[in-house]
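These values consider heavy atoms only, across backbone and side chains, with no hydrogens, waters or symmetry-generated copies. Here is the naming used below: chain letters follow the sequence lines, and residue numbers restart at 1 for every chain.
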There are 2 protein chains.
Amino acid sequence: MNHGGTGTISGENLLFLTDEQLRKGIEAMFFAYRGFTADPDRILAEHGYGRAHHRALHFVNRTHGTTVNNLLSVLGVTKQSLNRVLRTLIEDGLVESRVGRTDRRERNLYLTEAGQTLERKLSEAQRERMRAAYRIAGPQAVAGFRQVLEAMMDDEIRRQYLALKERR
Amino acid sequence: MNHGGTGTISGENLLFLTDEQLRKGIEAMFFAYRGFTADPDRILAEHGYGRAHHRALHFVNRTHGTTVNNLLSVLGVTKQSLNRVLRTLIEDGLVESRVGRTDRRERNLYLTEAGQTLERKLSEAQRERMRAAYRIAGPQAVAGFRQVLEAMMDDEIRRQYLALKERR
DNA sequence: TTGGAATGTCAACAAGACTGACATAAAATA
DNA sequence: TATTTTATGTCAGTCTTGTTGACATTCCAA
């Protein structure tokens with residue numbers, strides 16, 4: 001059985017990919033994702049919302065005026081599922097849905113003042129944890145973190161992620 | 001507005017932590033987790049199972065003879081929720097539940113042959129994606145990846161993760 | 001020996017995902 | 001112009017997986 005060190009000397013590239021190393025990565029991903037969502041989850045619960053609402057708020061804020069269809073492909077859920085979430089957010093006055101100018105079938109989505117307030121609160125909590133993790137791990141680790149995550153995405157999703165990443 | 005480079009020169013440690021950088025990390029985490037679960041999800045669906053079953057199989061395999069209580073704290077769900085999943089796995093002959101020897105209130109959990117077969121199939125699919133991502137990103141990136149993930153966990157969870165990590 | 005604590009099971013419910021069917025309005029096209 | 005396609009929304013029903021509450025069993029310590 002190979003040792004499991006994370007040496008950087010070339011030649012270890014093969015030894016490196018043991019099932020043990022991979023398993024650790026898998027478990028780290030599982031446990032870290034729990035931490036990743038923990039803080040927003042607490043805030044959402046206070047408001048009677050769930051993770052689905054957070055995702056919608058995040059991406060509406062991210063791309064002001066996005067259409068429902070656009071949001072669907074980013075979130076990777078069905079329109080029925082998204083619609084339920086979106087409807088409550090609109091009813092509660094956090095999201096505004098305007099009929100499209102050029103194509104009146106479309107709905108352009110925007111956050112209201114209240115929506116922006118909640119979104120900021122959620123993302124600030126999530127950023128704070130990410131910031132702490134980044135500080136502990138250091139710049140070089142962060143670069144590696146993002147590289148591995150990007151390589152882990154499905155091709156189609158990575159395309160969307162990269163397009164989104166460059167915006168603004 | 002600061003530039004967003006991931007430079008390694010010391011002194012950039014502060015510039016580095018812009019909201020933009022943090023947001024990219026957050027979105028990368030979100031999209032990557034989808035990829036992370038995609039392959040097992042497909043296999044599970046064929047068998048009529050969900051992610052909860054995968055998690056149970058993984059950790060029962062990981063720590064043979066573990067108790068229900070032990071599993072609960074690792075998985076972070078209620079015992080009732082876990083019990084439903086566990087019951088179907090036992091009924092389907094993938095998991096065996098033996099009354100504890102020293103404490104007969106406890107149940108010790110084991111994978112059967114069939115359980116091991118499915119677990120291997122699932123973890124092999126997940127490892128394969130992780131392996132591909134690791135290969136693309138390189139050894140140094142992987143080290144950083146794990147460092148950031150570990151820093152992102154809740155303290156209690158990290159404690160469990162590290163204890164689990166050292167096993168075997 | 002008895003009452004509390006630990007462990008596990010059963011029942012009922014809720015959130016949020018899914019599919020399928022269908023309605024409406026608008027755009028695109030034949 | 002008539003027809004088809006597209007974008008969106010809604011209703012109904014199902015499934016997974018989380019929740020709480022109630023309860024049975026077992027162990028241990030007062």
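Although no hydrogens or angles enter the test, the distance criterion places no donor-acceptor pair under 3.5 Å between the side chain of B/Arg98 and the main chain of B/Asn108. Remark: side-chain polar atoms of B/Thr112 are paired, donor with acceptor, to backbone N or O of B/Gly93 under 3.5 angstrom.
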Scan nucleotides 14-16 of chain C against the protein and return all N/O pairs shorter than 3.5 Å with their distances rounded to 0.1 Å.
| unit_1 | atom_1 | unit_2 | atom_2 | d |
| --- | --- | --- | --- | --- |
| C/dG16 | OP1 | A/Gly50 | N | 3.3 |

Nucleotide N/O of nucleotides 1-7 of chain D paired with protein N/O under 3.5 Å:
| unit_1 | atom_1 | unit_2 | atom_2 | d |
| --- | --- | --- | --- | --- |
| D/dT6 | O2 | A/Arg105 | NH1 | 2.6 |

Using a cut-off of under 3.5 Å, enumerate the N/O to N/O pairs linking the protein to nucleotides 21-23 of chain D.
| unit_1 | atom_1 | unit_2 | atom_2 | d |
| --- | --- | --- | --- | --- |
| D/dG21 | O6 | B/Gln80 | NE2 | 2.8 |

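Summarising the geometry, the separation between CG on A/Leu109 and P on D/dT8 is reported as 9 Å, rounded to the nearest angstrom. We find that CG of A/Leu44 is positioned 17 Å from P of D/dG18, with the value rounded to whole Å.
At the phosphate of D/dG18, neither OP1 nor OP2 sits under 4.0 Å from any side-chain N or O atom of B/Thr78.
Using a 4.0 Å heavy-atom distance criterion, B/Thr88 is classed as making no nucleic acid contact.
Tracing side-chain contacts under 4.5 Å through hydrophobic residues (I, L, V, M, F, W, Y), one reaches A/Phe30 starting from A/Ile26; they form part of the same cluster.
The line from OH of B/Tyr161 to CG of B/Leu149 is 7.5 Å long, rounded to the nearest 0.5 Å. To the nearest 0.5 Å, atoms CD (A/Glu27) and CD (B/Gln160) are separated by 11.5 Å.
Under a cut-off of 6.0 angstrom, the local environment of CD in A/Glu91 is crowded, with over 12 non-hydrogen atoms contributed by other residues, nucleotides or ligands.
Aromatic ring pairs are classed by plane angle as parallel below 30°, tilted from 30° to 60° and perpendicular above 60°; the pair B/Tyr49 and B/His47 is parallel.
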